[in-house]
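A short write-up of the structure that comes next.
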Amino acid sequence: MKANLPETLEKELKGMVAGVPHPREMAIDVVNRLQDHYGYLSDDSLALAAGLLEMTPLELEELATFYTFIYREPVGRYVIHVCDSVICWMEGGVNLVAHLLARLGIQLGETTADGLFTVLPVCCIGYCDRAPAILVNRKVHGPLTIESLDRLVDSLREDAA
């Protein structure tokens, strides 16, 4: 294992893999733990995980790039997934996202210069009853208005300070 991996995390990952008949079964769990530790799944982390899981790095890369919540590049402290489904559009989501991006001074897929926010599109977050909605670090917020979105962003900035 990589030298800078904490011993407790190394033990945890090895234990997860040892506890199942086929190491591949734990691919998402191992990747998520590494991502939780490093903030994203770096190439080094991917190679480390592939070795643990008895997979090639390419096999794990294919899996990792399929999932919305696995980040192959550094992301901000707050990852905001904006729903681009028809229901959110009908409920004003397009204007909400445009406002959010303008306020943060970034485009979809980018991270703010201070490293606090990354905004990513997602096909559907499954909260049509709360449209327009977003996820912030996998927690749903909605239905949103421009005002409630501004309060949320302000609150996240305050929490980060």
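Position 1 is the first residue of the sequence, and the numbers go up from there.
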Pairing residues for E62 by the salt bridge (Lys or Arg N to Asp or Glu O under 4.0 Å) criterion, not counting sequence neighbours:
none
Are the side chain of T111 and the backbone of G115 linked by a donor-acceptor contact shorter than 3.5 Å?
no
What are the two closest non-hydrogen atoms of C124 and C83, and how far apart are they?
CA-SG, 3.8 Å
Do any N or O atoms from the side chain of Q35 and from the backbone of F69 form a donor-acceptor pair under 3.5 angstrom?
yes
Kindly say whether G76 contributes a backbone atom to a donor-acceptor pair with the side chain of T118 at under 3.5 angstrom?
yes
Does T65 use its side chain to pair, donor to acceptor, with the backbone of E61 at less than 3.5 Å?
yes
Which pair of non-hydrogen atoms, one from V75 and one from G39, has the smallest distance, and what is that distance?
CG2-O, 3.7 Å
If you measure from CD on E12 to CD on E7, what distance do you get to the nearest 0.5 Å?
13.0 Å
Are side-chain heavy atoms of L101 and V119 found at a separation under 4.5 Å?
yes
Test side-chain contact (heavy atoms from CB on, under 4.5 Å) on V17 and E25 and set out the steps.
CA-CA 8 Å; V17 172; E25 293 177 42; over 6 Å; no
Given the rule in the side-chain contact (heavy atoms from CB on, under 4.5 Å) test, do L135 and V82 qualify, once you have shown the distances and angles that lead to the verdict?
CA-CA 7 Å; L135 295 175; V82 294; over 6 Å; no
Minimum side-chain heavy-atom gap L46-S42 below 4.5 Å
no
I'd like to know if L9 and M26 are part of one continuous hydrophobic network [Ile/Leu/Val/Met/Phe/Trp/Tyr, side-chain heavy atoms within less than 4.5 Å].
yes
Would you call L144 and R130 a side-chain contact if the rule is heavy atoms closer than 4.5 Å?
no
Give a yes or no on whether the backbone of L13 and the side-chain of R33 come within a donor-acceptor separation of less than 3.5 Å.
no
Does I70 share a hydrophobic cluster with L52, counting links as ILVMFWY side-chain heavy atoms below 4.5 Å and allowing steps through other members?
yes
Those residues at least two apart in sequence (or on a different chain) that pass ring pair (Phe, Tyr, Trp, His ring centres under 6.0 Å) with Y78 are F117
Note: S148 and P143 closest approach over all heavy atoms is OG-O, 4.3 Å
Derivation and outcome, side-chain contact (heavy atoms from CB on, under 4.5 Å), residues Y71 and V79
CA-CA 10 Å; Y71 312 120; V79 179; 3.4 Å; yes
Co-membership, hydrophobic cluster, residues V20 and L48, 4.5 Å side-chain:
yes
Student check: side-chain heavy atoms of I28 and L63 closer than 4.5 Å:
yes
Is there a path of hydrophobic side-chain contacts, each under 4.5 Å between heavy atoms, that joins Y127 and V136?
no
Close side-chain approach of K139 and H141, heavy atoms under 4.5 Å
yes
Rounding to 0.5 Å, atoms CG (L156) and CD1 (I80) come to a distance of 6.5 Å
Can you find a pair of side-chain heavy atoms, one from L53 and one from L60, that are under 4.5 Å apart?
yes
Nearest 0.5 angstrom please: L100 CG to L108 CG, how far?
8.5 Å
Side chain to side chain, E59 and R24, heavy atoms closer than 4.5 Å
yes
Can a donor-acceptor pair be found, under 3.5 Å and without considering hydrogens, that links the side chain of D84 to the backbone of V94?
no
Just verifying a value: how many Å separate R103 CZ and T112 OG1, rounded to the nearest 0.5 Å?
11.5 Å
Linking I/L/V/M/F/W/Y whenever any side-chain heavy atoms sit under 4.5 Å apart, do W89 and V97 land together?
no
Could you walk me through whether E10 and K14 pass salt bridge (charged side-chain N to carboxylate O under 4.0 Å, His left out), step by step?
CA-CA 6 Å; E10 181 178 350; K14 285 181 175 180; 3.1 Å; yes
Contact check, side chains of L34 and L5, non-hydrogen atoms, under 4.5 Å:
yes
Here the gap from I87 atom CD1 to D129 atom CG, rounded to the nearest 0.5 Å, amounts to 10.5 Å
Those residues that, when tested against R157, pass salt bridge (Lys or Arg N to Asp or Glu O under 4.0 Å) (two or more places apart):
D114
Please check: side-chain N/O of R72 versus main-chain N/O of A64, any donor-acceptor pairing under 3.5 Å?
no
Counting distance only, does the side-chain N/O of E91 pair as donor-acceptor with the main-chain N or O of C88 below 3.5 Å?
no
